S.K.: 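The structure follows.
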Amino acid sequence: MEKVSFFDKHVKKFVIFAVICGATSGIFGALITAPSMMIGFFRLTVAVPVFGIPILLKGRDTLKAMSKRDWMYSALAGIFLFGHFFTWYNAVKLTTVSSAAVLAALHPLVVIFCTVFIFKRKVTLKQIMAILIAIAGAAIIAFTDASMGTQLAPNPVLGNIFAFCSGICMGIYFQFGNEARAKVPGPTYVFVCFTCCWICFLLGIILTGTPVLGYPAMDYVYMLCVTVICQLGTHAIFNLCLGRVDSLFVSTWETGDALFSTILALICLAQLPSLGGWIGCVVTTAGLLMFNYFTDKLEKEKHGLQG
């Protein structure tokens, strides 16, 4: 009988742990006084060597085996990951963490768009209806935040726009990543993607003249925390969990990120969402859970037919 590893035995617990780690990103982003460009630059500067050193020492053959198409998709994924990080950290500085987390979770919109118009694949009516429900919840949040103005945050309208753009960038990042991962090993893809993302932040630092030094000491502590907890505690663990746990379980808990973010924002930042914000959060989360369920069911039916 084959021995089951500790990680495989507790893989679902690791998924939940990774989601909770990811939910702290908005908290740290709101606490850090440094600009978003600096947060992303620091995060990737620390994280890239962690993923890159093993590849450069033992996995260079996987880099050489990558085709031009693989390089292109991996690089594009890195560029849109940059867009996601940059807009996300701007969002949590301007609106509530809860609103930002829910609106950023609307990345399945991009998945639907790319599936239909770019990859020419069919989607079901149930999937579309689920996304419409999620959009309705997001509209409730946006309307509530706009009507309450700066009572909730410094600039909730602009912050919500940044959060929605963050979700769009994440959706495109996922799409290019999925295409690259079809042929590129996970660790190699992550290294190339993160390196391209780091280059974007480096160029951003140079072009905007954003200083790297001179921030409060706690900013660097928080940036180190967001790197270790979110970049490694979330990204690394999710990569290890791929193929070991049901995709619906992962996507369902990932959708719960907004709930964890709301709870943490209440505890750490004393940000209490309005009634409209709570309603919008529930409606959007319900729509995303429905989308995950119908998508997973469709994938299983396809595999069943193919088998």
Side-chain angles (χ1 to χ4, degrees), residues 18 21-57 59 62-63 66 70-93 100 104 107 162-163 165-174 176-177 180-181 184-215 218-240:
C21 285
T24 64
S25 177
I27 308 301
F28 288 122
L31 290 172
I32 297 169
T33 62
S36 301
M37 195 68 73
M38 176 56 194
I39 300 174
F41 175 72
F42 184 97
R43 177 173 177 170
L44 270 298
T45 299
V46 176
V48 166
V50 175
F51 292 95
I53 290 174
I55 295 296
L56 294 176
L57 290 178
T62 60
L63 290 172
M66 290 176 62
D70 297 334
W71 279 101
M72 180 183 70
Y73 281 134
S74 299
L76 287 171
I79 292 171
F80 281 99
L81 181 59
F82 158 79
H84 164 65
F85 283 152
F86 178 73
T87 52
W88 168 250
Y89 287 120
N90 274 301
V92 296
K93 290 178 180 296
H107 51 79
F162 271 121
C165 290
S166 175
I168 291 175
C169 288
M170 181 183 288
I172 300 174
Y173 155 64
F174 282 155
F176 282 126
R181 282 287 286 111
V184 182
T188 304
Y189 160 73
V190 170
F191 170 57
V192 175
C193 174
F194 282 10
T195 300
C196 291
C197 183
W198 175 80
I199 291 172
C200 289
F201 274 112
L202 176 63
L203 292 174
I205 287 286
I206 295 171
L207 294 175
T208 60
T210 301
V212 176
L213 303 174
Y215 301 105
M218 285 307 300
D219 271 10
Y220 294 98
V221 173
Y222 289 142
M223 285 189 282
L224 183 61
C225 288
V226 80
T227 302
V228 175
I229 296 173
C230 302
Q231 199 75 27
L232 304 181
T234 298
H235 282 268
I237 290 178
F238 268 141
N239 280 318
L240 289 173

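From a predicted model like this one, the values you see are computed outputs, not experimental measurements.
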S.K.: Mind listing the closest non-hydrogen atom pair of I79 and C200 along with its distance?
M.R.: CG1-SG, 3.9 Å
S.K.: Would you name the heavy atoms of T234 and A18 that are closest together and state the gap between them?
M.R.: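 Heavy atoms of T234 and A18 come nearest at OG1-O, 2.9 Å.
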S.K.: Is any side-chain heavy atom of P54 closer than 4.5 Å to one of F191?
M.R.: no
S.K.: For the residue pair C169 and F82, establish whether any side-chain heavy-atom pair is separated by less than 4.5 Å.
M.R.: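 With C-beta onward as the side chain, the pair stays apart.
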S.K.: Just verifying a value: how many Å separate F86 CZ and F201 CZ, rounded to the nearest 0.5 Å?
M.R.: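 F86 atom CZ to F201 atom CZ measures 8.0 Å (nearest 0.5 Å).
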S.K.: First locate atom CZ of F85, then atom OG1 of T87, and finally report the distance between them rounded to the nearest 0.5 Å.
M.R.: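 It comes to 10.0 Å.
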S.K.: Begin with the C-alpha distance, continue with both residues' side-chain angles, and end with the deciding distance and a verdict on side chain to side chain contact (heavy atoms under 4.5 Å, CB included) for Y89 and S25.
M.R.: CA-CA 9 Å; Y89 287 120; S25 177; 3.3 Å; yes
S.K.: Taking the side chain as C-beta and beyond, is there a heavy-atom pair between L56 and L63 under 4.5 Å?
M.R.: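 Side chain of L56 against side chain of L63, heavy atoms only: contact under 4.5 Å found.
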S.K.: Could you state the interatomic distance from OG1 (T227) to CD1 (I39), rounded to the nearest 0.5 Å?
M.R.: 10.0 Å
S.K.: Going from CG on L224 to CD1 on I229, what distance comes out if it is rounded to the nearest 0.5 angstrom?
M.R.: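 Separation between the atoms: 9.0 Å.
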S.K.: Between A77 and C193, what is the shortest heavy-atom contact and its length?
M.R.: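 Between these two residues, the closest heavy atoms are C-SG, 3.8 Å.
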S.K.: Does Y215 reach the side chain of P35, with side-chain heavy atoms less than 4.5 Å apart?
M.R.: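 Result yes, sub-4.5 Å side-chain heavy-atom pair found.
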S.K.: Could you label the plane-to-plane angle of the F51 and F194 rings as parallel, tilted or perpendicular, counting under 30° as parallel and over 60° as perpendicular?
M.R.: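 Rings of F51 and F194: perpendicular, over 60°.
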S.K.: SG/C225 to CE/M218 distance, rounded to the nearest 0.5 angstrom?
M.R.: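 One gets 7.5 Å once the value is rounded to the nearest 0.5 Å.
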S.K.: Identify the two heavy atoms, one from T208 and one from G204, that lie closest to each other, and give their separation to 0.1 Å.
M.R.: OG1-O, 2.5 Å
S.K.: Between K93 and I32 (side chain of the first, backbone of the second, donor and acceptor by atom type, cut-off under 3.5 Å), is there such a pair?
M.R.: yes
S.K.: On a heavy-atom basis, which atom in G78 and which in C196 lie closest, and how many Å separate them?
M.R.: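 Minimum heavy-atom contact is CA-CB, 4.2 Å.
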S.K.: Strictly distance-based, threshold 3.5 Å: is any side-chain N or O of N90 a donor or acceptor partner for the main-chain N or O of F162?
M.R.: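 No, N90 side chain to F162 backbone: no donor-acceptor pair under 3.5 Å.
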S.K.: Would you say the side-chain atoms of T24 pair up with the backbone N or O of C21, donor to acceptor, closer than 3.5 Å?
M.R.: yes
S.K.: With a 4.5 Å limit on heavy-atom distance, are the side chains of Y220 and L213 in contact?
M.R.: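 Result yes, sub-4.5 Å side-chain heavy-atom pair found.
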S.K.: Got Q231 and V50 here, is their nearest side-chain heavy-atom distance under 4.5 Å?
M.R.: no
S.K.: Counting heavy atoms not belonging to W198, are there more than 12 under 6.0 Å from its CH2?
M.R.: no
S.K.: Measuring from I205:CD1 to T210:OG1, what's the distance to the nearest 0.5 Å?
M.R.: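 If I round to the nearest 0.5 Å, the distance is 4.5 Å.
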S.K.: Take F28 and R43 through the test side chain to side chain contact (heavy atoms under 4.5 Å, CB included) and record every step on the way to the result.
M.R.: CA-CA 12 Å; F28 288 122; R43 177 173 177 170; over 6 Å; no
S.K.: Under the side chain to side chain contact (heavy atoms under 4.5 Å, CB included) rule, what do M38 and D219 come out as? Steps first, then yes or no, please.
M.R.: CA-CA 10 Å; M38 176 56 194; D219 271 10; over 6 Å; no
